[in-house]
Amino acid sequence: MSNNYNPQEIEPKWQEQWEKDGLYRATDGSNKPKYYCLDFFPYPSGEGLHVGHCRNYVPTDVISRFKRMKGYNVLHPMGWDAFGEPAEQHAIANGIHPRQTTDRNTANYKRQMRLIGTSYDWSREVDSSDPGYYRWTQWFFLLLYKRGLAYRDMNWQWWCPTCQTTLSSHEAAGGVCWRGHEGVTKREIPAWYFKITAYADELITGLDTVDWPERIRIMQRNWIGRSEGAEIQFSVVSEQSLNKEQIAVFTTRPDTIYGVTFFVLAPEHPLVERITTPDQREEVQAYIAQAMRQSEVDRMSESREKTGVFTGGYVENPLNGEHIPVWAADYVMMGYGTGAIMGVPAHDQRDFEFARKFGLPVRVVIAPEGSSIEGSEMTEAFPAEGKMVNSAPFNGLPSGEALQRICEHIESKDLGKRTVKYRMRDWLISRQRYWGAPIPIIHCPKCGEVPVPEDQLPVLLPPMEDFRPDGSGCSPLARLSAFVNTTCPTCGGAAQRETDTMGGFACSSWYFLRFTSPDFQQGPFDPARMNYWMPVDLYVGGAEHAVLHLLYARFWTKVMADAGLVPFREPFAKLMNQGQLMGPDGQRMSKSRGNTITPDAVVDTYGADSLRIYEMFMAPFDQDVNWSMEGINGTSRFLEKIWRLYTDTWEQAGNQPQTKDDELERKMHQTIRGVTERIETFRLNTMVSTLMEFVNTLGDRQRDRTWKTSTYQQALETLMVILAPAAPHIVEELWQLTGHEGSVHQQAWPSWDADLAREEVIQVPVQVNGKLRDRVVVPADASEEDIKSAALASEAVQKFLDGKPPKKVIVAQKKLVNIVV
RNA sequence: GCCGGAGUGGCGGAACUGGCAGACGCGCACGACUCAAACUCGUGUUCCCUGACGGGAUUGUGGGUUCAAGUCCCACCUUCGGCACCA
């Protein structure tokens, strides 16, 4: 046992052996407790993995290995989110079919994941672009359709001219498509939607039942954007007093209704046309034309200066009968609420800016407690609560109470009602692209929309030579008459297939279920196995999916629960987000910046175990950190030190008489405790430093030549086992070299003895007036009284007492003594 | 603007419920080994004063609570992320 540590030799050897032995297979129907540890479904890009991705895969692997040793039946699967625009875009750019590039990329990802020693159960690998998989994605589409949660609508859509496709509002956030292309615009196209808004409330309340980072839960709540308020009907003032046209506004502040001094319609609002008076027509039309020319993005980014135009029309305030001028202005959005607002400049900052710009009156109806304000003198709106003024029957009430009273009044007079609005829109699922799961719908001239019968699934994505989008607003599939032309499943007449495909987030909204039974043919998953494994116990991935995938998957799960398919309403019990790993230059790693560090390069120089340990050691799991090439030297040295420890001392350590080393034994139990607790709480950086301290202690024994004890040998045995999750290869090799049978990864995790871990003597710091002056050493079982007298007896302490009697002596839980003079 | 996280040595970071600030590692300096270097090992390494003993200061800034504050409270600064005319 004298060869050198050579990770490049031993790592592939063990990876192959583990694979052959099926060491990481999850067992269905075992009576062990289960643990489902899942990584976010990766999209296999052509660039392959860089060390930043390992920040996700290494920790989940450590947890999985640890849980197995703790006696759990662990499901730790991996698969590919293979459909989607990026694969197709790449294929178009390089003239290779996405099937080929996808297969090549997944093979590369898999190779790299093996390279870093992950323990995935590859027998459960799934690929969302495989017909055996997307058959069930289509099946779920039909489930949603049958439950009234999928519908086709003609509407203005977000459109990315680069991707030549429509986008969901989530994917178009900020005017930049989620692939990073700027210039997202709107286009009127029929498209399919999922009615996620039907679950808006439960998507908020469900967040209270899961163990997720607060940050993500807040982001989801904000995204859904629930606001309570009232819809209030204003009637249009017109010559013909019969048949007064009603126009509703949504407001969260019905208490400010007496402060309405103008009324605003979104430029797209259908009423604008009708309410505009002849003398204002020209001006209004010019304004609308100008507003419509700008994309919604420009309208938002321009934000500051308000614009608008008076229509010449008036509406009547339903509470006090006042006639209020109606304006059209683009700070009101057609897509939210009713597309119309009541302008209350005194109590809303946006309305205030608008009023000041156009010289509209500002009427205060809520005064701050104990003072008064004057509309003409205000420099900003007063949005807070206060006391009602200028509000006829409600004057003097606190505004919060007035809000309720006004709502009651409005409801009793049938002028409106309390409602809840959400910022979140329905989920646009149509993509006018090739590389996705075809939407399983047939358009029949006689029967209308007809779902493809389940026994005819999957609707196969047909092979195509040229699948470039043509800008027609239709998917390239529309050019394939053999695909499009079919017969209606209901009437048997000639009909056409839907040619849109589903966006990739459909595929990833249920994949975690497929892993429980990837071979199942009678449904998307085997109910028995799904019941055993689900929900996911630990879900780990980047925070960038906070409102996309994580919201969609929760939505689908709730639909499945309502359909009786699954017995839970939240799929991911615990979620964690790894911190980002930046390049050495502090920039996000990317090929174009040239700062990418690949696991291949690192494994080649240092080995996978060094990489794994460094990934954990460099920073807390959820913290952003820069890669450092010097830093990894340290973890590499750590493993070499361990290797030498065994090669130098193992053989003789095994032949020692039964001599004990109490201090080392204590350190060993403390280490087992430390490592166990730190893995369980995901503090993997300090788990590594705990192991380093232990190895340093063993190194001290070797150097001092005090290592020839049976305790030392026990310590070496223990070290292999507790290091196994973090550095699986070196430990497996040592396990074999030290003459053990089987795999170290199948050993039981050791327990610690609290008595043996306890120190016999303790060092108690002594402070005088809060400043450290001395430390006294006392037996661990000393009473507080003993500690106190030992502290007072200290020479250094006496010096600072300067003969004066202590005013107060505090002995804090045997941890510290503070003497106050 | 609003919401959330984070500010600790030259660097990454540690400090569980308020109780020895700087664990562990990197880097650096000196020493041992070597003809020499690398590796390895040892010693030191927050800053200031001191030859030393020793002392003082110190967790972004300012205040507060407490016997005791990196940790709790208030205000502010910086920085990173999210949202951003959502009525």
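Because the structure is a prediction, the values reported are computed rather than measured. Residue numbers start from 1 in every chain, and the chains themselves are labelled A, B, ... in the order their sequence lines are given, proteins ahead of strands.
For the residue pair A:Arg215 and A:Gln220, no side-chain donor N or O sits within less than 3.5 Å of a side-chain acceptor on the partner. In the model, A:Lys641 has a side-chain atom that pairs as donor or acceptor with a side-chain atom of A:Asn696 under 3.5 Å. Neither side chain, A:Asn317 nor A:Tyr258, offers a donor N or O lying under 3.5 Å from an acceptor on the other. No side-chain N or O of A:Asn577 forms a donor-acceptor pair with one of A:Asp622 less than 3.5 Å apart. Side-chain contact, A:Tyr336 with A:Ser227: a donor N or O sits under 3.5 Å from an acceptor N or O.
Residue whose closest nucleotide on RNA chain B sits further toward the 5' end, between A:Asn696 and A:Asp624: A:Asp624. The residue among A:Val817 and A:Arg678 whose nearest nucleotide of RNA chain B lies closer to the 5′ end is A:Arg678.
Between A:Phe354 and A:Phe262, the distance separating the two ring centers is shorter than 6.0 angstrom. Taking the six-membered ring for Trp and the full ring otherwise, A:Phe263 and A:Trp327 have centroids separated by 6.0 Å or more. Within the 6.0 Å centre-distance limit, the rings of A:Tyr614 and A:Trp627 are counted as a close aromatic pair.
Once rounded to the nearest 0.5 Å, the distance linking CD1 of A:Ile762 with NZ of A:Lys815 reads 11.0 Å. Here A:Gln580 contributes atom CD and A:Gln623 contributes atom CD; the two are 12.5 Å apart, rounded to the nearest 0.5 Å.
Checked against B:C26, B:C85, B:G12, the side chain of A:Lys306 finds its nearest nucleotide in B:C85. Among the nucleotides B:C20, B:G12, B:G19, the one closest to the side chain of A:Ala812 is B:G19. Ranking B:G19, B:A87, B:G56 by closeness to the A:Lys771 side chain, first place goes to B:G56. For A:Ser689, whose side chain is taken as the heavy atoms from C-beta onward, the closest listed nucleotide among B:A23, B:G55, B:A87 is B:A23. When the nucleotides B:A14, B:G12, B:A23 are ranked by their closest atom to the side chain of A:Asn685, B:A14 comes out on top. The side chain of A:Leu816 approaches B:G19 more closely than any other nucleotide in the set B:A15, B:C3, B:G19. The listed nucleotides are B:C24, B:G27, B:A87; the one nearest the side chain of A:Asn633 is B:G27. Checked against B:C24, B:G19, B:G13, the side chain of A:Ala619 finds its nearest nucleotide in B:G13. Of the candidate nucleotides B:C67, B:A87, B:G82, B:C67 has the atom nearest to the side chain of A:Asn818. Distance from the side chain of A:Arg644 is smallest to B:U40 among B:U40, B:G56, B:G4.
When the C1' atom of B:G25 is taken as reference, atom CG of A:Leu684 falls 16 Å away, rounded to whole Å. One atom, CZ of A:Arg612, and another, P of B:G25, lie 21 Å apart when rounded to the nearest Å. As a whole-Å value, the separation of A:Leu772 CG from B:U58 P is 15 Å. For the pair A:His545 NE2 and B:G81 P, the computed distance is 17 Å after rounding to whole Å. The nearest whole Å value for the distance from the CG atom in A:Leu691 to the P atom in B:A23 is 18 Å. Atom CE in A:Met687 sits about 17 Å away from atom C1' in B:C16, given to the nearest Å. Residue A:Asn4 contributes atom CG, which lies 11 Å from atom C1' of B:C39 at whole-angstrom precision. Taking atom CZ on A:Arg673 and atom C1' on B:C16, their separation rounds to 11 Å, with Å as the unit.
Separation of the P atoms belonging to B:C74 and B:C3 is 14 Å when rounded to the nearest angstrom. Distance check on atom C1': B:C11 versus B:G22 gives 13 Å, rounded to whole Å. Separation of the P atoms belonging to B:A38 and B:A29 is 11 Å when rounded to the nearest angstrom. When the P atom is used for both B:G82 and B:A23, the distance is 35 Å, rounded to whole Å. When the C1' atom is used for both B:U50 and B:A57, the distance is 15 Å, rounded to whole Å. If you take atom P in B:G42 and the same atom in B:C33, they sit 15 Å apart, rounded to whole Å. Straight-line distance between the P atoms of B:G25 and B:G44: roughly 14 Å, to the nearest whole Å. A distance of about 31 Å separates the P atoms of B:A14 and B:C67, rounded to the whole Å.
With both pairing distances under 3.5 Å, B:G44 is matched to B:C28 as a Watson-Crick or G-U wobble pair. Summarising the base pairing, B:A36 is matched to no nucleotide, lacking a Watson-Crick or G-U wobble pair whose two defining distances lie under 3.5 Å. Nucleotide B:G9 forms a pair with no other nucleotide shown, judged by Watson-Crick or G-U wobble geometry with both contacts under 3.5 Å. Nucleotide B:C76 is matched to B:G60 when pairs are restricted to Watson-Crick or G-U wobble geometry with both distances under 3.5 angstrom. B:U66: no Watson-Crick or G-U partner with both key distances under 3.5 Å is found in any strand. The pairing partner recorded for B:C16 is none, the criterion being a Watson-Crick or G-U wobble arrangement whose two distances lie under 3.5 angstrom.
Residue A:Arg703 places no side-chain N or O under 4.0 Å from the OP1 or OP2 atom of B:C41. The side chain of A:Arg773 places no N or O atom within less than 4.0 Å of a non-bridging phosphate oxygen (OP1 or OP2) of B:C20. Note on A:Ser227: a side-chain N or O is less than 4.0 Å away from OP1 or OP2 of B:A87.
Residues A:Arg683 and A:Met687 fail the side-chain proximity criterion, which asks for heavy atoms closer than 4.5 Å.
Regarding the sugar-base torsion, B:G55 falls in the anti class, its angle being beyond 90° of 0.
A:Gln623 comes within contact range of the sugar-phosphate backbone alone, with a heavy-atom separation under 4.0 Å but no base atom that close. Counting non-hydrogen atoms under 4.0 angstrom, A:Thr681 reaches nothing in the nucleic acid. Contact annotation for A:Ile218: backbone-only contact, meaning every heavy-atom pair under 4.0 Å involves sugar-phosphate atoms and none involves a base. Across all strands shown, A:Arg423 has heavy atoms under 4.0 Å from base atoms, whether or not it also approaches the sugar-phosphate. Counting any heavy atom pair closer than 4.0 Å across all strands shown, A:Lys641 reaches sugar-phosphate atoms only and no base atom.
Contacts between residues 250-262 of chain A and RNA chain B, defined by a heavy-atom separation under 4.0 Å, are made by A:Phe250, A:Thr251, A:Thr252.
Under a cutoff of 6.0 Å and an axis angle of 45°, A:Lys306 and A:Tyr331 form a cation-pi pair.
With hydrogens and angles left out, the side chain of A:Lys815 and the base of B:C20 share no donor-acceptor pair within 3.5 Å.
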